[in-house]
Amino acid sequence: QPAVQMQDVNKYYDDFHALKHINLEVKRGEKIVVCGPSGSGKSTMIRTINQLEEHQSGEIKINGNRMSADLPNIELMRRDVGMVFQHFNLFPHMTILENCTLAPIKARKVHQADAEAQAMQYLNKVHIGNQANKFPGQLSGGQQQRVAIARALCMRPEIMLFDEPTSALDPEMIGEVLDVMITLAQEGMTMICVTHEMGFARKVSDRVIFMDAGEIVEENEPEAFFSDP
Ligand code: ADP
Ligand code: ADP
């Protein structure tokens with residue numbers, strides 16, 4: 001069973017056709033990089049996967065289960081899909097540790113001590129355990145983005161979606177975030193990454209998908225993208 005299935009998915013913003021007949025199948029453990037010009041629908045496509053954006057026709061399945069924003073258990077289903085955004089979206093008035101334990105405690109009913117122990121594991125994994133009691137504003141952009149990744153992992157997602165996770169970072173911080181993503185990829189996480197980091201694409205992705213004007217116009221193994229025709 002594929003981790004993600006999109007079948008003839010169409011998405012409109014009012015009468016603007018933002019996703020046109022999207023077909024995509026992502027196997028468990030597969031790593032997909034999505035690229036294409038600004039406004040081509042990359043962000044919209046990955047946001048429909050966990051139904052942060054609703055689609056109007058076609059079918060989206062996660063592990064075989066149909067995703068639809070109007071399902072009563074959509075919140076539950078969304079938790080299997082971790083998401084990391086361009087802007088880290090951490091809660092500024094909460095410590096790094098509290099940012100990571102909030103959702104597991106509230107949504108997964110994990111006991112606080114367990115949630116904290118688990119959060120510390122993931123924070124250590126992204127090399128930020130020693131900053132756990134600081135606030136987001138005290139951390140660099142690269143550190144905040146690593147916290148955002150740890151926070152998503154604390155929900156133990158099966159699939160991770162990345163929406164331009166390094167685009168808002170100063171160049172010297174991009175590498176530290178990519179290193180964390182590479183580690184996740186090597187551990188077998190199913191990943192869909194919107195990114196312009198072609199080094200990352202080449203190193204870890206199984207497939208590169210190129211979007212233009214709401215359509216998937218090309219799909220290839222990374223080597224094919226980078227070799228001359
Ligand atoms: P990308 O991620 O490739 O830059 P997006 O998915 O963000 O592209 O946007 C695709 C198109 O949909 C763009 O033309 C954008 O202006 C439009 N769009 C995105 N979000 C909205 C929205 N909430 N309302 C109306 N139009 C939107
Ligand atoms: P990103 O590239 O990270 O998706 P954008 O600047 O494209 O960021 O979009 C930021 C927010 O604005 C998103 O929630 C998107 O849905 C919304 N948005 C983008 N384009 C439009 C648009 N043409 N009309 C209304 N909302 C939009």
Side-chain angles (χ1 to χ4, degrees), residues 3-26 30-62 67-71 74-75 77-78 81-90 141-142 144-145 148-149 152 157 159-171 173-174 177-178 181 184-185 189-202 204-222 224-226:
V4 178
Q5 256 177 312
M6 301 181 82
Q7 287 168 332
D8 197 21
V9 170
N10 289 281
K11 157 84 188 163
Y12 295 84
Y13 292 110
D14 298 319
D15 53 6
F16 177 72
H17 202 172
L19 293 180
K20 300 172 185 166
H21 306 285
I22 298 292
N23 288 291
L24 177 66
E25 200 167 291
V26 181
E30 209 176 1
K31 294 106 190 61
I32 309 281
V33 160
V34 182
C35 58
S38 179
S40 59
K42 306 179 297 295
S43 183
T44 300
M45 183 173 82
I46 65 168
R47 290 163 68 94
T48 59
I49 291 174
N50 63 356
Q51 291 291 294
L52 290 177
E53 295 285 357
E54 290 182 49
H55 57 295
Q56 279 75 39
S57 71
E59 204 152 67
I60 299 175
K61 289 181 181 168
I62 303 286
M67 294 292 280
S68 167
D70 53 22
L71 290 175
I74 185 66
E75 282 302 330
M77 298 173 74
R78 231 175 234 153
V81 187
M83 180 130 187
V84 174
F85 302 91
Q86 181 173 353
H87 301 284
F88 330 118
N89 296 359
L90 300 173
Q144 290 187 57
Q145 192 60 301
I149 294 172
I159 301 157
M160 285 284 284
L161 307 177
F162 292 86
D163 193 357
E164 303 205 24
T166 60
S167 300
L169 299 178
D170 292 331
M173 293 170 187
I174 292 176
V177 171
L178 290 178
M181 293 170 66
L184 277 184
M189 177 69 80
T190 308
M191 293 166 68
I192 305 178
C193 312
V194 176
T195 180
H196 303 292
E197 294 294 332
M198 288 300 120
F200 172 82
R202 187 171 209 163
V204 305
S205 76
D206 299 303
R207 262 190 296 160
V208 178
I209 283 171
F210 194 84
M211 292 189 71
D212 193 19
E215 291 182 284
I216 294 176
V217 292
E218 196 179 341
E219 190 177 319
N220 248 317
E221 291 180 2
F225 253 98
F226 300 112

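Atoms within each ligand, like the ligands themselves, are counted from 1 in listed order.
M6 pairs in a side chain to side chain contact (heavy atoms under 4.5 Å, CB included) with only one of the listed residues (T48, N23, I216), which is T48. When the options I192, I46, I62 are evaluated for a side chain to side chain contact (heavy atoms under 4.5 Å, CB included) with V81, the one that passes is I62.
K31 places a side-chain N or O within 3.5 Å of a backbone atom of A185 that can act as its donor or acceptor partner.
The aromatic rings of H21 and H17 sit perpendicular, their planes meeting at an angle over 60°, well past the 30° parallel limit.
Of all atoms in ligand 1, numbered sequentially from 1 with element shown, those under 4.0 Å from a heavy atom of S40 are 1 (P), 3 (O), 8 (O).
Residue E53 has no N or O atom closer than 3.5 Å to an N or O atom of ligand 1. An N or O contact shorter than 3.5 Å is missing between A18 and ligand 1 by distance.
At a cut-off of 3.5 Å, with distance as the only test, no side-chain donor of H55 or E59 sits close to an acceptor on the other residue.
The closest approach between any non-hydrogen atom of P37 and ligand 1 is below 4.0 Å. Contact between G41 and ligand 1 is present, with at least one heavy atom of the residue lying under 4.0 Å from the ligand.
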